[in-house]
Amino acid sequence: MLTQEQIEKFERDGYLVVDRLVSVAEVLEPLEIEYTALLRGLCQQWSCDDRLPAAADEKDFSSMIMAAVDAGIDYFQPIDISLPTGDINARTPFHAGPAVFALMTNTAVLDAVESLLGPELTSNPIQHVRVKPPRGALKGAEKRPHIVATDWHQDRGVTHADADESRMVTVWVAVTAATEENGCLQVIPGSHKQPMLTHCPASGQLRIPKQQFSEAMAQPLPVPAGGAVFFHPNTIHSSLENTSASIRWSFDLRYNVTGDSTGREFFPSFVARSFSAPETELRSATAWRQLWEDARTRLSCGAPVDIHRWDGEDELCA
Ligand SMILES: O=C(O)CCC(=O)C(=O)O
Ligand SMILES: [Fe+2]
């Protein structure tokens, strides 16, 4: 659980950095092993399709990512822990593996979230892995916030309006140490006390126009591997560019009070913790993956879903 001091800091500033949240041996190493195996399979397929030189699969996770980047391969969706929005078909790849489920249901993570939201917690499906290569290694005009620096936004802005009153928290977990050099998060302290601001779609991202906040107040948040940043859905945040020579790897997870809307009701959520009805907690990684597979089947034969509510028509977006 968080200390009273940590809870008060979160309530005052809208964010909290915890340097050591999850165990390297119990959480990060299994993730590294799972993602290395995943990338190995992907590299073998890409080599088979003549998109990647042979033997690229014999490397470690980071080198395989760099080999994919170098070959101009879009590695993101097959490793992400969510389906995309927009077009989904029966073979759209995603990764819902047991080490990821173990992170999402990790006791230290849930204890900390319980300190902020109480003991009835739903795992919110707005969740991503981000593996960000060095800026200089990227080819073309890559703009996605899962791969390059993320523009200023509030996470409230990436939900649909049905979640405007939802009690939510974002948990951003550093798998590699996040530094100012490799693109750590930055926040505007105290900005969670503001309502949701106008967001403008711009270059594949959402951006809060600069006249709505003071960028000079930005506070970078370096975090060691295994540490985390917790923030309120109205906290204005972004991330820096990766100007280092190595990848920056993180997971961002969200939790909301069970019964409140997730803001992406077309994706699966699950009860991660329940004091009042523990039997409703999902404890099986296989069942979790099945929820996403079922969602993929359902969404692959319907109209594409909108990722957010913003159309760029607001005059602030001009
Ligand atoms: O990691 C990043 O670049 C941004 C993450 C973010 O916006 C989030 O976790 O809500
Ligand atoms: Fe965000």
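One-based numbering, in listed order, for ligands and for the atoms of each.
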Requested in this report: Flag the pair Arg264 and Asp306 as a salt bridge only when some basic side-chain nitrogen lies within less than 4.0 angstrom of an acidic carboxylate oxygen.
Outcome: no
Query raised in the report: Taking only heavy atoms of Arg248, which atoms of ligand 1 are found under 4.0 Å from at least one of them?
Result: 1 (O), 2 (C), 3 (O)
**Report entry** Any donor-acceptor N/O pair, Asn182 side chain to Thr179 backbone, under 3.5 Å
**Finding:** yes
Requested in this report: List the closest protein heavy-atom neighbour of atom 9 (O) of ligand 1: residue, atom name, distance to the nearest 0.1 Å.
Outcome: Asp252 CB, 3.1 Å
Requested in this report: Could you tell me the residue and atom name of the protein heavy atom closest to atom 4 (C) of ligand 1, and the distance to it rounded to 0.1 Å?
Outcome: Thr150 OG1, 3.3 Å
Query raised in the report: With distance as the sole test, does Arg40 use its side chain to make a donor-acceptor pair with the main-chain N or O of Lys59 at under 3.5 Å?
Result: yes
**Report entry** Asp155: numbered ligand 1 atoms lying under 4.0 Å from its heavy atoms
**Finding:** 10 (O)
Requested in this report: Would you tell me which option among Lys132, His146, Gln205, Glu241 has the nearest heavy-atom contact to atom 3 (O) of ligand 1?
Outcome: Lys132
Query raised in the report: Which is the closest N/O/S atom of Asp155 when seen from the Fe ion (ligand 2)?
Result: OD1
Query raised in the report: Under the 3.5 angstrom rule, does the side chain of Ser166 hit a backbone N or O of Met168 as a donor-acceptor pair?
Result: no
Query raised in the report: Does any N, O or S atom in Asp252 come within less than 2.8 Å of the Fe ion (ligand 2)?
Result: no
Query raised in the report: Ser274 and Glu120: side-chain donor and acceptor closer than 3.5 Å?
Result: yes
Query - Heavy atom of His128, distance to ligand 1 below 4.0 Å - result: no
Report task. Number the atoms of ligand 1 from 1 as they appear, then name those within less than 4.0 Å of a heavy atom of Ser239, with their elements. Result -> 2 (C), 3 (O)
Query - Any donor-acceptor pair under 3.5 Å from Arg51 side chain to Gln45 backbone - result: no
Query raised in the report: side chain to side chain contact (heavy atoms under 4.5 Å, CB included) with His199: which of Ile208, Val158, Leu316, Asp151?
Result: Ile208
Query - Shortest protein contact, atom 8 (C) of ligand 1 (heavy atom only) - result: Arg254 NH2, 3.3 Å
Requested in this report: Give a yes or no answer on whether the side chain of Gln127 reaches the backbone of Ile81 with a donor-acceptor pair at less than 3.5 Å.
Outcome: yes
Query raised in the report: What part of Gln186, side chain from CB on, backbone N/CA/C/O, both or neither, has a heavy atom under 4.0 Å from ligand 1?
Result: neither
